[in-house]
Amino acid sequence: MADTTNIEGFKALERFGRDSAKATGSQFLGFLLDSFDLTMILSIAPVVAAVLLPPSSPLIAVFSVILAYSLTIIFRPVGSAIFGHIGDRLGRRTDLIITVLGLGIVSALTSALPTYASVGILSFVLFIIIRIFVGIFAGGEYSAGHPFVMEWTPFRWRGLISGLVQGGFSFGALAAAATVAVFTHIYGETGLVSYAWRYLFLTTLIPAAIALAIRLSMKDTPIFTELKEKNKIRRSPFIDLFKKPVRKDFLQVMIWMTGMFFYAYALFAYVPTILEHAPSAWSSNLGLATTVYTIGTAGAFFGAFGFGIASQKVGRRKLTLIWAIMTIIISVPMYYGLMRAAELGNVPLAVLMSIIIGIVTQGPWGIVPVYLSERFKTAVRASGVGFGYSSGIFIGGWFSIYVPLMHNYLFKSIDTSTNIWFSTAVLLMIGAIIIFIGQWIGPETLGTRLRSVE
């Protein structure tokens, strides 16, 4: 009976049907949740700092919140190692039910934190502990999630679905920024600091509940089921990443993903910071700065979506190499334009620059689900995708140290003492160089067969 069922599953993969749609929706929401939590923290960093830290310089306080999140990001590889192994041993679906439950519940627990006024620095320590667990579950979310949706997707749809799923991260940033803007409008900045920040973090339960319902209604992928039926499950898939011949593929992916994380934080971590600090005219208007950033994240969504579609025609590798060169050329003009628009209080120009930055920094992320899934064979795919994705964090995740160091010791006279626009542009250019190298030494994966039982 199992064999007959799986044959029907493979027949279903010949077209984009109900199972493909449900897998896409499930991973879109799971990735949305990850980004929703991340953007929530970064968008209201001044509020979080005011609630959980002692009074200090506003910029230093924001750097402290970003550093705390950066430290927790380092724990994502732990989650990828644990849940990638589970995904390759027990199945993608089982893995995904655990991770979305954990991610939703732990993220919502932020709303229950005591304030600095009530328990002192313990409030910030508890915040870091919660972020650590969020990082672990988030690292597991894409380990099984990306293979799950790609293994349910027919070949000709891979680029589009990859861009759509990865766009869920940008859409999550958009949704979080919009939520922050609405809460700021309703409660005001004083209300946010006083109590409404707790309500904000409870909203993470909404996408988690929907994603969980979808995953509970699904079965595992025909590709993994075939692997299980033929007794080809590996005893230690995670360890096998570091053995020949997989080790070479993993190291190439690690280089590429390092640059990708530089790209990500050049938008999500530092565009809000540039908009919220002098010489920005909106340094005392968090709501307007958040609105400009929110619109910019829409560009990120369409950038990832469009890049995924284009990669199905141009090729993953070729398109990324061209994009990296373009990024190096336009990084400084982009961020200078954003800073000057904010300084002049020019909303239309600031929105335009924010959208452009969103497209440039998030476009290449549109191929991450499909490219990583195509780089690893079925038996190690969840481990390879998850830990390969997270491996970029080992160097890229310390962005909250790189930018302050560049600002304080190299570029303060260009940045201005209270802003970091040029240092952020340099971070993005470094990321583009690393991405170029990572893709240059890797193969073109367009056309790779995901069904590989060995």
Side-chain angles (χ1 to χ4, degrees), residues 73-92 95 135-136 138-148 150-151 162 223-224 226-228 230-263 315-318 320-321 324 364-365 367-398 431 433-454:
I73 285 174
I74 302 303
F75 281 83
R76 290 189 176 216
V78 176
S80 295
I82 295 170
F83 292 106
H85 181 84
I86 292 173
D88 284 327
R89 291 281 298 168
L90 302 181
R92 325 303 195 202
D95 207 334
I136 290 173
E141 175 64 27
Y142 46 73
S143 296
H146 284 351
F148 186 73
M150 286 296 106
E151 288 176 1
S162 178
I223 291 175
F224 179 81
E226 180 183 41
L227 190 77
K228 189 175 181 179
K230 294 186 176 181
N231 295 317
K232 296 294 185 179
I233 301 293
R234 295 197 181 190
R235 179 174 298 178
S236 54
F238 175 72
I239 300 299
D240 289 346
L241 292 180
F242 308 101
K243 298 178 181 178
K244 293 181 179 180
V246 186
R247 180 173 58 198
K248 178 182 176 182
D249 299 336
F250 171 75
L251 291 175
Q252 179 264 323
V253 164
M254 179 179 174
I255 294 171
W256 178 59
M257 287 305 304
T258 297
M260 293 294 286
F261 274 97
F262 278 49
Y263 265 47
R316 331 285 189 213
R317 180 176 181 270
K318 181 178 180 181
T320 305
L321 291 173
W365 280 89
I367 66 167
V368 168
V370 64
Y371 182 78
L372 293 183
S373 295
E374 290 171 343
R375 287 296 280 126
F376 297 99
K377 294 187 182 299
T378 306
V380 296
R381 185 165 291 137
S383 297
V385 170
F387 203 69
Y389 187 118
S390 292
S391 66
I393 292 169
F394 296 143
I395 297 175
W398 296 96
I433 293 170
I434 297 172
I435 284 173
F436 186 91
I437 294 171
Q439 281 289 336
W440 182 263
I441 63 177
E444 175 57 66
T445 64
L446 179 63
T448 300
R449 185 172 179 263
L450 293 184
R451 186 183 178 185
S452 53
V453 178
E454 54 183 29

Check the orientation of W440 and F436. Use parallel for under 30°, tilted for 30 to 60°, and perpendicular for over 60°. parallel
How are the rings of Y142 and Y389 set relative to one another: parallel (under 30°), tilted (30 to 60°) or perpendicular (over 60°)? parallel
Which atom pair, heavy atoms only, marks the closest approach of G388 to M257? O-CG, 3.4 Å
Per the salt bridge (charged side-chain N to carboxylate O under 4.0 Å, His left out) rule, which among R449, R451, R381 passes with E151? R381
Identify the heavy atoms of Q252 and G438 that sit nearest to each other, and give their distance. NE2-O, 2.9 Å
Rounded distance [0.5 Å steps], CD1 in I86 versus OG in S383: 10.0 Å
Any chance the side chains of T445 and E374 put a donor and an acceptor closer than 3.5 Å? yes
Just by distance, do the side chain of T258 and the backbone of G396 share a donor-acceptor pair under 3.5 Å? no
Verify whether the ring centers belonging to F261 and W365 lie closer than 6.0 Å. yes
Could you give the distance from CZ (F148) to CG (D95), rounded to the nearest 0.5 Å? 11.0 Å
Considering only NZ, NE, NH1 and NH2 on the basic side and carboxylate oxygens on the acidic side, decide whether K243 and D240 come within less than 4.0 Å. yes
d(M260 CE, I434 CD1) to nearest 0.5 Å is 12.0 Å
Counting only N and O atoms by type, is there a donor-acceptor contact under 3.5 Å from the side chain of R92 to the main-chain atoms of G87? yes
Just wondering, do L241 and F376 contact through their side chains at under 4.5 Å, heavy atoms? yes
Approximate separation, where rounding is to 0.5 Å, of S143 OG and H85 NE2: 12.5 Å
Passes side chain to side chain contact (heavy atoms under 4.5 Å, CB included), I393 versus I74? Steps please. CA-CA 6 Å; I393 292 169; I74 302 303; 3.6 Å; yes
List the steps, then state whether side chain to side chain contact (heavy atoms under 4.5 Å, CB included) holds for W256 with I441. CA-CA 10 Å; W256 178 59; I441 63 177; over 6 Å; no
pair I223-L227: side-chain heavy atoms closer than 4.5 Å: no
With a cut-off of 6.0 Å (strictly less than), are more than 12 heavy atoms of other residues, nucleotides or ligands near CG of L321? yes
Give the minimum heavy-atom separation between M150 and L450, together with the two atoms involved. O-CD1, 3.5 Å
Is F224 close to I233 at the side-chain level, that is, under 4.5 Å between some pair of heavy atoms? yes
Minimum heavy-atom distance between A382 and P147, given as atom pair plus value: CA-CG, 4.0 Å
Would you say the side chain of R234 lies within less than 4.5 Å of the side chain of D88, judging by non-hydrogen atoms? no
Contact between P443 and R317 at the side-chain level, heavy atoms closer than 4.5 Å - yes or no? no
Might you point out which heavy atoms bring S390 and G139 nearest each other, and give the distance in Å? OG-CA, 4.5 Å
Nearest heavy-atom contact between A138 and R76 is CB-CZ, 3.7 Å
Parallel under 30°, tilted from 30 to 60°, perpendicular over 60°: which one fits the rings of F387 and F250? parallel
